[in-house]
Amino acid sequence: MKPFFITTAIDYTNAPPHIGHAYEKILADVLARFQRQRGREVFFLTGVDQHGQKVQQSAEREGIPPQEFADRVSEKFLSLWKTLGISYDGWAATTAPLHKEAVQRILTDLKERDWLYKATYSGHYSVRQEQFLTDKERGPDGEFGPEWGEVILLDEENWYFRLSKCSEWLAGFLEARKDFVTPDFRQTELRNAAAKITGDLCISRPKSRLAWGIELPFDPGFVTYVWFDALINYISFAGYGGAGQELFEKRWPCDHHVIGKDILIPAHGVYWPCMLHAMGFPDAAMPHLLVHGFWSLRGEKVSKSTGNVVDPDALAEAYGPTALRYYLMRDAVMGRDADFSEERLLLRHNTELGNGLGNLVNRTLSMTRRYREGAPRPVELSPDLVAHRQADTESLRSFIIQMEAAQIHAGLETIVDLVNRANALVDSAAPWKLAKDPDQSDRLDAVLATLILSARIAATLLLPVAPDASAEILRQLALDPIPLTGEIVIADLPAGYVCGEPKPVFPRLELPAVEDAAA
RNA sequence: GCCAGUAUAGCUCAGCGGUAGAGUAGGGGACUCAUAAGCCCUUGGUCGCAGGUUCGAAUCCUGCUACUGGCACCA
């Protein structure tokens, strides 16, 4: 089977990571971990976009070389991914020589096949902001505002990609491949927007204006436009065209480009498929786009200007990566926006993980040790317990279907249901009563074993989202995760089974009590 | 302006043509294995507004309002 290939957007190394960056990487990480659990080979690629004007400007302000600036910000991303347990296989930093060579090879090839041409553009140019202005930048009076400083008319030569040559192909492709974008309403949006995009794409910047980029191999006065450079990371770091071509052919096409809704149109929905088409990729080898929503903060859009940026490092520090990963995956419906609040993070963690799963494991192990010295004897199951185990098997099947469809929030709900069912069984079976009645001895063994197996399924399914906590639960249960490869068999407890010692896996979390002092 | 999305219990959401649902928060109860967790019962909604189609609409259609996004306009 083809390896599972998943990417994230590469993050721009101009500003440190915020909650949205963390969400996207966790989302991709969960899908990658799930596929590994399914026994599939996985190539999970993430990285940083290091070129471009903002990086150059920020570096100049600090009086350091742009590479140094980009590397410094990249470190913050790398460190956060380590904290959050992002299990990427490939790191795409766009200043890497391998990537630069791939971009240049692609440019040369496109030029040779007449996909690129040089032309002169004239327009309004802000000297202070070092950029061309479009009508978007005009004020209500039709003039450019004072924030742009001196605005001049400038003629500039640049290289263009014949995007317009692809418009018919793209329309046909979007018609034929209804599942190019998930969720489907995003594809509708893309189809409508793509029809309006006309003209060619400028893919160069003169070095006099921007030096921090990949030089055009056939015209050293220019560097490559940052989007053209950045999108190619998805294939360059997978081995395209270079020494890794053989690997690339195994991996491509990409199963999911995980991206935010802001960069679907036009970058990933128009430029990227057209670029691939121009490079000669057949329609069947087009990737799939998985588009996620945004997190707002208490109903307000997260933005640097309003200062309501949520720092994921601080959250991981305060509540731990498990609670943060679980909350982000549980509260956001795939593709839709969600609202972030620490209260909800704590609520999800404390009720579902702590009171639900954590307590189930704790009480089950505690009773098993107390009444059976950790070793329930194998006995015949009564019909109610057979039904319980069948329901668990159904949950496991549903979970796999939900995760294959990238519906992580739904998968987690399935786990919650399973846990609630097990907790209800504890109360209805009341092992503490069974333990007092010698006639009920077999029943006690059967109930305890059933609970242990339910906990094992829950921990197995939670592994992609909460790998450390799930591994700890399995350690306490003294069981391996259920293999999710091939035909799934839910075995009974192994011969000679003895459970481990319980210890709270999800200690109760509370809001830091600092606000009172300020009030 | 155009194209989409969303609007259901205090909160987060499911339901998408046939007597309004879940979790959580609030109230009550029985229990004691457990992280004062868990279990059972329960309060709570003219399903954004107005029309229409239908025997029947939260569910389909039209219009409006609010919020979100994309594109465009802003000579």
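By convention in this document, chain letters (A, B, ...) are assigned in the order of the sequence lines, proteins followed by strands, and residues within each chain are numbered from 1. Since the structure is predicted, the reported quantities are computational estimates derived from the model, not experimental observations.
- Note on F506(A): a base of the nucleic acid sits closer than 4.0 angstrom, heavy atoms only.
- Within 4.0 Å of R191(A), counting heavy atoms only, lies no atom of the nucleic acid at all.
- Base contact: K196(A) has a heavy atom under 4.0 Å from a base atom.
- Listed by first residue number, the stems of RNA chain B with at least three Watson-Crick or G-U pairs below 3.5 Å are B:1-7 with B:65-71, B:10-13 with B:21-24, B:26-29 with B:39-42, B:48-52 with B:60-64.
- On the P atoms, U12(B) is 27 Å away from G18(B), given to the nearest whole Å.
- Straight-line distance between the C1' atoms of G28(B) and G44(B): roughly 15 Å, to the nearest whole Å.
- Contact annotation for V416(A): no contact, since no heavy-atom pair falls under 4.0 Å across all strands.
- In terms of modelled atom types and a separation under 3.5 Å, the side chain of R325(A) and the main chain of L84(A) share a donor-acceptor contact.
- Among the heavy atoms of the strands lying under 4.0 Å from D427(A) is at least one base atom, whether or not backbone atoms are also near.
- Here A4(B) is the nucleotide among A4(B), U12(B), C33(B) with the atom lying nearest to any side-chain atom of E189(A).
- For the pair V426(A) and M367(A), the tightest heavy-atom approach, listed with the atom from each and the gap, is CG1-CE, 3.9 Å.
- Salt bridge status for D437(A) with R443(A): absent, with no side-chain N to carboxylate O gap under 4.0 Å.
- Without hydrogens or angle criteria, R336(A) side chain to G293(A) main chain gives no donor-acceptor distance under 3.5 Å.
- The separation of C11(B) from G45(B), taken at their C1' atoms, amounts to 14 Å, rounded to a whole angstrom.
- Counting only residues at least two apart or on different chains, the salt bridge (Lys or Arg N to Asp or Glu O under 4.0 Å) pairs with a member in residues 253-262 of chain A are K2(A)-D255(A), R40(A)-D255(A), K261(A)-D337(A).
- Salt-bridge formation is detected for the pair R389(A)/D492(A): a Lys NZ or Arg NE/NH1/NH2 atom is positioned less than 4.0 Å from an Asp or Glu carboxylate oxygen.
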